[in-house]
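Every chain is numbered from 1, with letters handed out A, B, ... down the list of sequences.
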2 protein chains.
Amino acid sequence: MRRLDDGSRGVATLPDVAERAGVSTATAARALGGYGSVRETTRQRVLDAAEALGYRANVLARSMVTGSSHTIGVVISDIENPFFRKSLRGITDTARSRGFEVLLANTDEELEKERSAVSLLEERRVDGLVICPADAGDRKHLREVIAAGTPVVLLDRRVAGLAADTVGIDNRKAARLATERLLALGHKRIAIVTGGTPEIRERLVRPDMKGVERLSATTVGSRAAGYRDAMTAAGLTLRPEYLSANGFRREDAVDEVCRLMDLAEPPTAILAFDSIQSLGALQCFRERGIRCPEEVSLLGFDDAEWADVVEPPLTVVTQPMYEIGVAACERLLDRISGEQRSPVHDRLPTVFIERSSLAPPARS
Amino acid sequence: MRRLDDGSRGVATLPDVAERAGVSTATAARALGGYGSVRETTRQRVLDAAEALGYRANVLARSMVTGSSHTIGVVISDIENPFFRKSLRGITDTARSRGFEVLLANTDEELEKERSAVSLLEERRVDGLVICPADAGDRKHLREVIAAGTPVVLLDRRVAGLAADTVGIDNRKAARLATERLLALGHKRIAIVTGGTPEIRERLVRPDMKGVERLSATTVGSRAAGYRDAMTAAGLTLRPEYLSANGFRREDAVDEVCRLMDLAEPPTAILAFDSIQSLGALQCFRERGIRCPEEVSLLGFDDAEWADVVEPPLTVVTQPMYEIGVAACERLLDRISGEQRSPVHDRLPTVFIERSSLAPPARS
DNA sequence: CGAGGTGTTGAGAACGTTCTCAAGACGGTC
DNA sequence: GACCGTCTTGAGAACGTTCTCAACACCTCG
């Protein structure tokens, strides 16, 4: 154990252990690593020496020679979001159980943060990346990291033309089904609160949402497409003022829902694209004294922890968030351990949870 | 750039860059690292070469020689818990802004997971650790990591006899104030739902909660002590059946609150020690059709995102969760950069948010 | 008794950086 | 022209592992 300038002890290294056990570093490494062959008595001697010195392998050094850091990077927009938080839990649990550690980065949907996060994680030589890519902008950094040979799994969102696995749900179908449910109750004035950015809104308000399904932010894009599918199939025309995309934060949603409810002809039902948007809607209702579901129905995505204790208990279509994280991580680890095949796109089933926030439209 | 067996390109390394720029690795390192002195023209040449090759520094290799990984480990019980989630956000933001990455580990309050997490993070040579230590059990692993020279900051909880900084709130005082608030409304039958473990309950039900403030799980312990302070100061005796500690998960809280409400003499007010417990209480009320605050008042800790849209909107005493994370991380980074002084214990101020879940006890 | 395993061991290279040290180039001063 | 200082550069060690290779000891078999 080498002595530091200040006289304190540094951390014990392999040579320290080897010396104490009276063997070479090679043998010590074999004994500790449990590979190669080493006589039982020497093995025990090495183990004892390691124990006595409080030896901890230096994974960094190991990574240098093995070329694998046993670390994955997770790049999500925000841990606060129930979807990401639960998925993250699925990811960390899976990674941990397979001997991998997780390096975490938040992006807040900002492309620049995403770029820098990916770059920093690359420098740390992560073995793979789970990314929920930001809504818009170019994907050069993602293409590059994939080209450099780092496996990438996309969470929740799909990016056209990117050779990466994807794990999520069938957003288009889920949104279509949700909309059909509202339609079946008799609603015609159905608004969506997407949590998308203003650039996305531009696409939404094009005639018939042309090309929205190819929108880069594929969650919002796909869900919007599903909504359109159901609306047009029901013979309804899309009203631009019912298509909201004003940012992903709760306050944005509050503003947006209030705007909706201030309309001369307010919607009779609102489809919220994630639990933050639902929360925003609920808050607006409370502030304005709007009764739900009597005056407006609210249908949300994602079953947040609070969804059943809120007033009214929220009807939601929910994704298996934890399982999505698990699946994403498993995919990634499989790739890391060398699995070779063209990208796969897993789609886990959604569940519709009926509670009390839906009612037929009030007749006026 | 070396060729791999399969003919694909590996990642460009410093020698690759140096070769392309026609300089030595030492010079390339200087140019890239921005230290030492290097002629402007060569510097540019190196930078261009790096750019052309898509060079990414290998932080692992750098760490080996500098001895610093620029990585911190965060060991918390559960990202799902609002307190930890928000603190984590504070930690990651701060770490990131100061050039550090965050390695995340969940423990679910299990000592064994905590031990293994700490050990694994040590092997990864994290520069420091933010830990929310599990409730009970021995702290040998913590003492060891501190003794080995890795700075540790304790989040939320304080462990007696451990040479580590602590960041949290004055739990005892906060709980005392909260209890006094209920007392002032006229409540006498006040129960606490602590989220502690059964072992903790043992301590709680000792006469006068003797020694509870020295309980290892200092959050629960301190808060329980604060509750006791207020109750005894008001001349009330502690009823063991009002002291709940049955686990930290939501279902545990539901069970426990239901048990409380089934009592021959149910409490007229409940003090929930964290937002999961509050949620459990709310769920129990809903399931049993118990009206809050008419039949029971509910006062919770931590202002979860849903606290104001729930029915009834929840009155809470809240910790500055994000700021606690920030402070913890800053403390840690200061230690890492060499600050030497005896452990400090930061206590951030709490805020009382009055909403609608409190009322005087119903006269029966 | 020698050939041919098999089991056990150590020497030393490699991974990709940083950093110390020494040396060369260049300019200015006496 | 010799000397000194500063700027710029490169050689090579070091960090703590893993892993290849060769050497040695021992055993078995013919």
Side-chain donor-acceptor pair under 3.5 Å between D108(B) and S77(B), yes or no?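 Absent: no donor and acceptor within the cut-off.
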Please list all pairs meeting salt bridge (Lys or Arg N to Asp or Glu O under 4.0 Å) that have one or both residues in residues 48-67 of chain B, counting only residues at least two apart or in different chains. E122(A)-R56(B)
Which atom of A57(B) lies closest to which atom of R125(A), heavy atoms considered: O-NH1, 3.4 Å
Could you name each residue pair satisfying ring pair (Phe, Tyr, Trp, His ring centres under 6.0 Å) that touches residues 50-73 of chain A, not counting sequence neighbours? H70(A)-F100(A)
Which part of the nucleic acid, if any, lies within contact of R56(A), taking any heavy atom under 4.0 Å across all strands shown: a base, the sugar-phosphate backbone alone, or nothing?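 Sugar-phosphate contact only.
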Would you classify V59(A) as touching base, sugar-phosphate or nothing, given that sugar-phosphate means primed atoms plus P, OP1 and OP2, and contacts are heavy atoms under 4.0 Å?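 Counting heavy atoms under 4.0 Å across all strands, no contact is made by V59(A).
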At how many degrees, to 10°, do the end axes of the helix from dC1(C)-dG30(D) to dC30(C)-dG1(D) meet when each uses five pairs? 60°
What distance separates L103(B) CG from T71(A) OG1, expressed to the nearest 0.5 Å?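 Here the rounded value is 6.0 Å.
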Sequence neighbours left out, what pairs pass side-chain hydrogen bond (donor to acceptor under 3.5 Å, both in side chains) with at least one residue falling in residues 92-104 of chain A?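 Of all non-adjacent pairs touching residues 92-104 of chain A, those that pass side-chain hydrogen bond (donor to acceptor under 3.5 Å, both in side chains) are R89(A)-D93(A), T92(A)-N106(B), D93(A)-Y322(A), R96(A)-E101(A), R98(A)-D334(A).
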Would you say dT17(C) has OP1 or OP2 under 4.0 Å from some side-chain N or O of Y55(B)?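 Yes, within the criterion.
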Nucleotide of dT8(C), dT18(D), dT17(D) approaching R39(A) most closely (side-chain heavy atoms):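 Of the candidates, dT8(C) comes closest.
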Residues of residues 63-70 of chain A with any non-hydrogen atom less than 4.0 angstrom from an atom of DNA chain C: list those, numerically ordered, please.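 Only M64(A), V65(A) qualify.
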Of all of residues 25-34 of chain A, which get a heavy atom below 4.0 angstrom from DNA chain C, listed by number?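 Heavy-atom cutoff 4.0 Å gives A26(A), T27(A), R30(A).
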